Each structure stands twice: as structure tokens, then as C-alpha cells.
There are 2 protein chains.
Amino acid sequence: MAAFSLSAKQILSPSTHRPSLSKTTTADSSLRFRNPHSLSLRCSSLSSSSNVGRTRLMRASASSTAPVMDTSPTKAVSSAPTIVDVDLGDRSYPIYIGSGLLDQPDLLQRHVHGKRVLVVTNSTVAPIYLDKVVGALTNGNPNVSVESVILPDGEKYKNMDTLMKVFDKAIESRLDRRCTFVALGGGVIGDMCGYAAASFLRGVNFIQIPTTVMAQVDSSVGGKTGINHRLGKNLIGAFYQPQCVLIDTDTLNTLPDRELASGLAEVVKYGLIRDANFFEWQEKNMPALMARDPSALAYAIKRSCENKAEVVSLDEKESGLRATLNLGHTFGHAIETGFGYGQWLHGEAVAAGMVMAVDMSYRLGWIDESIVNRAHNILQQAKLPTAPPETMTVEMFKSVMAVDKKVADGLLRLILLKGPLGNCVFTGDYDRKALDETLHAFCKS
Amino acid sequence: MAAFSLSAKQILSPSTHRPSLSKTTTADSSLRFRNPHSLSLRCSSLSSSSNVGRTRLMRASASSTAPVMDTSPTKAVSSAPTIVDVDLGDRSYPIYIGSGLLDQPDLLQRHVHGKRVLVVTNSTVAPIYLDKVVGALTNGNPNVSVESVILPDGEKYKNMDTLMKVFDKAIESRLDRRCTFVALGGGVIGDMCGYAAASFLRGVNFIQIPTTVMAQVDSSVGGKTGINHRLGKNLIGAFYQPQCVLIDTDTLNTLPDRELASGLAEVVKYGLIRDANFFEWQEKNMPALMARDPSALAYAIKRSCENKAEVVSLDEKESGLRATLNLGHTFGHAIETGFGYGQWLHGEAVAAGMVMAVDMSYRLGWIDESIVNRAHNILQQAKLPTAPPETMTVEMFKSVMAVDKKVADGLLRLILLKGPLGNCVFTGDYDRKALDETLHAFCKS
């Protein structure tokens with residue numbers, strides 16, 4: 001286990017902010033892949049008259065089997081979206097994925113009810129994308145008026161004080177029940193805007209436009225919204241589903257490298273917990289993902305959304321199965337809370353947390369050493385930390401983990417890997433000694 | 001319309017706080033009544049072994065037709081509850097109504113999930129009923145531990161700062177998803193505790209124990225929860241249904257007269273909007289209600305809950321029908337917000353608001369003058385205000401009404417009476433002149 005004791009600082013590359021547009025990369029033939037497994041989800045390609053003649057970044061077949069990527073034009077100006085449906089009865093909604101979707105106003109406008117829209121965004125995203133989104137909402141639609149509220153950027157602002165700024169703006173603007181809230185930004189914006197939409201006038205329409213990999217593959221899908229409390233992450237919130245999620249993959253062009261890697265932690269997670277073929281695909285394609293190959297990113301986003309949509313459709317309120325999406329998150333939340341919100345990005349904390357969960361699974365004798373090594377290697381390839389910050393103590397972990405949402409009647413349930421790659425369990429039935437050993441292996445005190 | 005210009009101060013009796021136990025009154029034979037109309041609601045009497053031999057305050061037949069009151073023992077120590085079911089599919093729940101229900105621990109305990117309970121109450125109710133409720137939760141049930149949080153009493157504390165005290169207590173007590181929140185108090189406590197339960201860990205179990213007429217006949221039933229914003233009432237909240245509502249009518253023994261009257265405003269409302277027979281019953285029995293006749297109060301509570309449950313079952317999220325429960329509330333909220341939360345009780349503001357809505361309905365030619373007079377008379381009998389405070393101006397009304405939740409795309413919809421007694425409409429299709437005339441008739445400037 002020696003490799004696990006490397007300090008995260010040794011592994012993490014210095015973060016860069018706002019790089020210029022990513023390099024144009026040609027998709028490698030290794031990006032062709034097999035379908036991981038057959039899915040019950042509908043996955044269809046939307047034909048829009050506004051897209052006639054435009055280049056398609058990717059096409060998904062109706063059955064989601066053997067999608068074929070167009071390997072030639074990687075800097076597509078616009079494309080027909082791939083659609084992943086989240087099947088939740090009368091709360092079902094589509095996830096649109098593609099390049100240039102913000103240039104297709106009809107996609108957004110069909111989901112706006114009423115005449116008033118409030119865009120909730122942050123000070124980093126607003127200068128780049130706010131005008132574009134306002135245009136997408138209003139082009140050819142003069143009856144709609146758009147207000148916006150720009151929040152400070154960062155996990156440390158995901159609290160009640162910041163949330164009140166959204167309510168203040170909505171109420172001062174005299175928005176009514178028929179308004180629509182639009183979240184434009186990463187996971188923090190999506191979670192806060194979603195909770196505000198759930199609570200304003202006891203619930204108004206809500207659209208997600210995620211602009212980070214993290215939000216696109218995880219937080220914008222599934223309806224978990226909320227804010228942090230000083231004693232723990234996401235302790236106050238609601239399950240509240242959007243009208244649609246619009247993922248314009250072009251928005252990743254302005255994403256800092258560190259944010260990109262953070263999102264890939266969740267992509268790796270889907271492979272580990274339920275999709276061995278996807279994990280194998282990632283092992284081959286991590287360099288392409290890190291180089292921002294558009295086709296590779298688009299596929300990783302689509303496959304992640306499909307995995308998440310399937311789980312959420314089966315267990316919206318997290319009575320069991322859905323909890324498995326939290327592999328590494330209990331350890332990770334402890335890092336985020338103990339180390340201070342915003343010091344590490346969410347995906348960085350989750351990466352270290354996944355390594356800890358994998359370590360514990362191995363100590364319990366539930367997985368082979370090969371899975372330990374593969375998990376470690378792929379996270380290293382993604383330049384993610386594979387150990388918690390050196391300042392984290394066993395006591396800090398235990399204190400935060402005690403208020404985790406997965407505690408039930410005093411028993412901490414964890415997501416642990418068990419069996420061949422792609423299998424996990426959500427359980428409180430494990431040897432406490434293994435948890436203690438893992439915590440001591442990763443903490444100096 | 002001369003009578004309408006009386007100042008509220010002339011009509012309102014000085015409020016008394018914490019009177020001693022109410023006088024023992026013998027139910028008058030005039031309390032016998034006909035069934036207002038046939039209901040689809042199930043209404044059954046629960047047989048509990050713990051109640052064998054105890055006096056029943058009232059019995060409801062299975063069809064809710066012709067309930068017969070026991071007119072002899074009015075100070076019953078305990079009784080089998082009457083049950084009104086709120087039919088909302090998998091979110092259905094019972095309302096238990098009766099005397100001495102807090103002495104029947106099984107009623108509450110069957111709805112507590114998990115081992116941890118948080119009772120949310122206020123500084124007025126806690127000294128009287130907190131110990132009793134803790135006993136009802138724990139007697140014979142040593143595995144359950146109960147925490148409590150005592151909030152300051154009053155509408156002016158129904159805000160985010162106070163709500164955070166509930167979250168702080170829940171999190172510091174390390175409550176988990178399997179805990180149960182119990183609201184013990186009036187409408188403010190029920191609304192805040194319910195919203196806290198909806199939001200804590202994205203939703204935990206929740207039980208309502210309303211201790212005021214207002215909460216028993218209205219706010220504890222139907223799942224509307226929330227807090228106020230400085231610019232308007234109940235602008236932040238959630239639709240969130242409890243596991244059960246337990247109405248121990250004995251708790252009304254300690255209710256101040258002014259609070260009692262405030263609750264009766266909502267009782268009068270049910271008669272005006274949808275239940276003419278109930279209104280006629282009230283016209284005969286208002287003296288008994290004001291004298292706290294237990295049988296009369298129990299019937300008024302049951303009939304009100306039945307009316308509310310039926311409306312909520314048909315329109316949980318207030319897409320139309322449910323809005324009719326807000327007769328007088330748009331004007332009333334303007335009074336509460338403009339005059340300052342807590343200056344007038346909610347029912348006092350609603351009473352004045354109903355008189356204004358009735359006045360406007362008459363100006364539109366939608367109702368007979370006889371309804372105007374009957375509404376006015378019954379509210380006067382209940383010692384409720386029939387005009388807004390003298391300091392309210394037309395501008396104050398218009399300003400607050402513009403942010404009312406019933407505004408849609410800029411159009412203010414109102415609940416107005418139309419047709420014979422017991423009929424109303426929820427509409428934005430009315431002559432604006434009538435609204436202006438009503439506002440000017442009730443405001444000096």
C-alpha cells in the first residue's frame with residue numbers, strides 16, 4: 001500500500017485557471033468502443049430543423065448500442081443533440097448533450113413556462129456565457145424577459161446567506177409561480193439554484209445548464225439540490241427535478257484543467273461501481289479525455305448520464321441503489337468539510353475518498369488487489385489526488401462521517417466494492433476494524 | 001357599506017393570554033346538525049384497546065352522515081379519535097381528532113420511524129405541553145430518544161434565521177435520515193417545522209401536533225410549509241406532507257381568546273367558499289364556539305378538516321381548486337406584511353381580507369347583499385375585525401399584492417364569491433375598477 005501514502009500535493013498538478021480554448025484534437029480510432037451493457041433507457045437523436053446541414057459531433061442509435069463517432073470534424077459549430085431521458089413518471093425530463101446547443105434557442109425555449117426567467121450564475125461563468133444564454137432564451141421570443149443574479153464563485157459560498165440572494169432577487173423582481181429558474185454554472189450553482197427553485201413559492205420551473213464536467217456527468221442530473229451547513233455538506237436541500245438539462249460541450253473549452261480532472265473523478269466512479277466496460281474504455285482513453293478530445297469527452301458525458309439516469313430512475317429518493325453513486329463521497333465529504341470547503345474541489349476529495357473506499361474493500365477481502373491498482377492508476381492518470389490532505393486526522397474523518405446523510409439509526413453505511421470490477425454494495429454490515437485501519441493508513445494521526 | 005368602515009380597534013376585544021381552563025359548558029341541543037353534503041372522504045372511528053370504557057366526545061359514522069354528539073360529558077379525559085383521511089396516494093395520512101389523544105402513546109408512536117425525534121415548539125407552548133408530548137413519544141418505547149428545540153413565539157420569527165436554529169439543533173444532535181420531526185404549536189411552528197423536515201437531509205419524517213384552532217382547522221393539514229420573506233408571507237417553502245396530524249382538542253383549553261377567534265376566521269371561510277350548510281351551522285353555533293363548547297369545537301374542527309382534506313386531495317399543488325382556500329388571504333397577507341408580522345394574528349387579517357373580498361364580489365354583481373351581511377355578522381360574532389387597520393393605504397395593498405403567489409404572468413388572480421352562498425371562483429377575469437373601489441372603500445388614503 002506504499003503508493004497510497006503519497007501526499008496529494010505530490011500528485012496534484014498546479015491548478016490553472018481559465019485556459020484558452022482547448023487544442024483541436026482528432027479523435028483516435030481507439031475511441032470506438034463496445035456498448036458496456038444493454039440499457040432500458042431510451043436514447044434517441046433529436047432532429048431539429050435548425051440543425052439541417054450542421055455537423056454532428058456524435059450520433060446515438062435508438063438502442064444505445066454501438067454508437068459510432070464522427071471522427072473528422074472535432075470543432076463542430078453546432079450539432080443535433082444526443083438525448084438521454086431520465087424516466088421518472090410525470091417528472092421525467094431529457095438531458096440534451098452536444099456541441100453548440102446554446103446556439104439552438106428552441107431547445108431551451110420549449111422548456112420555459114411563463115414569461116419570466118431568472119438565470120442564476122456566478123462571477124466566473126457570467127462574463128463568458130451569460131449573454132449567450134440570455135440570447136438563447138430570448139431570440140425569436142420577445143415576450144420572455146430575463147433577470148439574472150450573479151453569485152460569488154466557490155463551494156464556500158454554497159450556504160444559506162448566498163441562497164437568500166437568489167430569493168431576494170426573485171422577490172424584488174416580482175417573479176411569480178409561472179417563472180423559470182435557470183442554473184448556469186457548475187455543481188454549486190446547480191445545487192443552489194435547484195434548491196431555490198424548489199423553495200421559491202413552494203416550487204417553480206427549473207432548467208440546468210451545467211458548464212463543468214462535474215455538473216454535466218453528475219450533479220445536474222437526478223434532482224439532488226441543496227446547500228451546505230458549517231457542520232456538513234448538502235445537509236439542507238430537496239429532491240427537485242429540472243424541466244431539462246442542456247449540456248453544451250463547447251462550454252468545456254473554457255474550463256480550467258483542475259476542474260476538468262475533478263469531473264473525471266465522477267466518470268471513473270461510474271466505471272468502478274457498475275460499468276466495467278466503461279472503466280476499460282476510460283483506461284484506454286484517459287489521455288484523450290485529459291487532452292480534451294471532444295469526441296471522448298462527449299462519450300464520457302453521455303455514458304455517465306446514462307448510468308446516472310438509470311440509477312435515478314430506479315431509486316429517485318435514494319432508498320438504496322442510488323446511494324451507490326456516492327462511492328468515495330463519505331470520505332470525500334469529510335475531507336471537504338474538515339479541510340474547509342473550497343480548498344479541494346469536490347472531485348479531488350471524491351478521488352481520494354474512492355481510493356480509501358477501495359482500500360477498505362480490499363482490507364475486507366471483498367476485491368482483488370488488481371482493482372486497487374487499476375483504480376489508483378486511472379486516478380493518477382487523471383492527475384487526481386489518491387490520498388487525503390496531510391492535515392486530515394482520523395478524528396476529523398470520524399467527526400464528519402458521523403453526520404453523513406447515510407447514517408441510519410447511528411450506523412454508518414458505506415459504498416464499498418465487492419466482487420469483480422463494476423460491482424459494489426451499500427452496507428452497514430462490515431468489520432469496523434477495516435474502517436479504522438483504512439483511516440489510520442491514510443492519516444498521520 | 002357604512003358598517004365596513006368601523007376601525008378594527010373598535011371591534012376587536014383586547015386579547016387575553018393564557019386563560020385558565022375553559023368553562024365546562026353543556027352542549028346545547030342546537031348543536032345537532034345535518035350533514036352538509038355527502039363526501040367521498042373516508043371518515044371512521046378508530047377502536048383502540050387503550051380506550052375501552054372511555055368516554056367518547058363524538059362519534060363519526062362511516063359515511064360521515066349525521067354524526068351524533070354525546071351531549072353529557074363535555075370534559076372527557078380521553079376518547080377514541082375521529083379520523084379524517086387525507087387521500088394523496090402514497091403520501092396519504094390520517095388526521096386524528098379528539099380529546100385526550102396525547103394520553104394515547106400508540107397513536108403517535110405508530111408514525112415515528114427510526115429511533116430519534118426532534119420536537120420543534122415555541123416558548124409559549126413548551127412549558128405547557130412539551131413534557132406531555134415527550135411522554136407520549138417515549139412511554140413504553142425506551143428505544144426512542146427525543147431532542148427539542150424551542151423557538152421564540154410569533155409570526156415575526158417565521159424567517160430564515162429562526163429556521164436555521166432547527167437545522168443547527170438537528171445537525172448538532174447528529175440526527176439522521178430516519179429521524180422524525182414533530183411540530184408542536186400553532187401555524188408558525190407547523191409551517192417552519194414542516195419546511196425544516198422537508199429540507200433536512202432532503203426530507204425526513206414529520207408529524208403535526210397543532211395546538212391552536214388556526215393550525216387544527218387549516219395550516220397543519222395539506223402540506224403547505226414555509227417561512228416569510230421581509231417582502232411577503234410564505235414566499236419560501238415546500239409542499240411536504242406529514243405522516244399524521246394529531247389534534248388533541250384538550251390543547252385548546254389553554255388557548256387565548258384572541259387566538260381562538262383567529263382560528264374561527266378559517267372555519268367561516270370553509271362555509272363561505274364551499275359549504276353553505278356548515279356556514280348555517282356556524283351562524284347558529286358561533287356563541288357555543290366562542291364559549292369553547294368542546295362538542296361544537298370538535299365538530300367545527302372535523303368539518304373544516306374534511307373540507308380541507310377534500311380540496312387538497314383533488315389539487316395538492318394548488319393548480320386551481322386549492323387556491324380557493326385562500327379567500328381573503330391576498331388582502332389579509334397585505335395587511336400582515338404592510339402592518340408588520342405579528343401585529344395582527346393571521347386569522348384577524350384573513351377576516352378583514354374576507355370582508356374585502358366579499359365587498360368586491362358584491363361590487364362585481366356576483367353575490368347578493370344578503371351574503372355580504374351574513375359574512376359581516378358572523379365575523380362580528382366571532383369578535384374578528386371586519387376592516388383593515390386604519391394605517392393601511394391603497395398603495396400598501398397594491399405593493400404587497402403584486403408579489404402574491406397567485407400572480408401569474410403579471411395578472412393578480414383572486415378568490416371571489418359568485419352565486420349562492422357556498423360558491424366561489426378563482427379568477428383573474430374581473431373588472432379592475434371593482435378592486436380599486438374596494439381598496440379605496442377600506443383605506444383612508
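Lettering follows sequence order; numbering is per chain, from 1. Remember, predicted model here, so these are calculated numbers, not experimental data. The figures here come from the full heavy-atom set of this structure, side chains too, leaving out hydrogens, waters and symmetry mates.
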Peer 1: Given a strict heavy-atom distance threshold of 4.5 Å, which part of Tyr240(B) is in contact with chain A: side chain, backbone, both, or neither?
Peer 2: neither

Peer 1: What option among Leu163(B), Asp168(B), Ile227(B) has the most heavy-atom pairs under 4.5 Å with chain A?
Peer 2: Asp168(B)

Peer 1: So that I can tick it off, tell me whether Lys398(B) and Asp436(B) are bridged by a salt bridge, with the cut-off set at under 4.0 angstrom between side-chain N and carboxylate O.
Peer 2: yes

Peer 1: When heavy-atom pairs shorter than 4.5 Å are enumerated against chain A, which of Gly226(B), Ala196(B), Ala170(B), Ala402(B) gives the highest number?
Peer 2: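 Going by pairs under 4.5 Å, I would pick Ala402(B).
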
Peer 1: Identify the residues of residues 315-326 of chain B whose heavy atoms come closer than 4.5 Å to a heavy atom of chain A, ordered by number, or report 'none'.
Peer 2: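 Within residues 315-326 of chain B, near chain A: Glu318(B).
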
Peer 1: Can Glu336(B) and Lys156(B) be counted as an ion pair, charged N to O under 4.0 angstrom?
Peer 2: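 Looking at Lys156(B) together with Glu336(B), the answer is no, because their closest N to O distance does not fall below 4.0 Å.
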
Peer 1: Which atoms of Ser173(A) come close to chain B, meaning under 4.5 Å heavy atom to heavy atom: side chain ones, backbone ones, both, or neither?
Peer 2: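 No part of Ser173(A) comes within 4.5 Å of chain B.
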
Peer 1: Name all residues meeting the salt bridge (charged side-chain N to carboxylate O under 4.0 Å, His left out) criterion together with Arg116(A); count only those two or more places apart in sequence or in a different chain, and write none if there are none.
Peer 2: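 With sequence neighbours excluded, Arg116(A) shows a salt bridge (charged side-chain N to carboxylate O under 4.0 Å, His left out) to Glu147(A), given in chain and number order.
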
Peer 1: I'd like to know if the side chain of His329(A) pairs up with that of Glu266(A) as donor and acceptor (distance under 3.5 Å, no hydrogens or angles considered).
Peer 2: yes

Peer 1: Is it the case that more than 12 heavy atoms not belonging to Tyr157(B) sit under 6.0 Å from its OH atom?
Peer 2: no

Peer 1: Should the pair Arg432(A) and Tyr430(A) be classed as cation-pi, given the thresholds of under 6.0 Å to the six-membered ring centre and 45° from the axis?
Peer 2: yes

Peer 1: Any salt bridge between Asp218(A) and Lys308(A), counting N to O under 4.0 Å?
Peer 2: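 Lys308(A) and Asp218(A): salt-bridged.
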
Peer 1: Taking NZ, NE, NH1 and NH2 as the nitrogens, is one of them in Lys158(B) or Asp191(B) under 4.0 Å from a carboxylate oxygen of the other?
Peer 2: yes

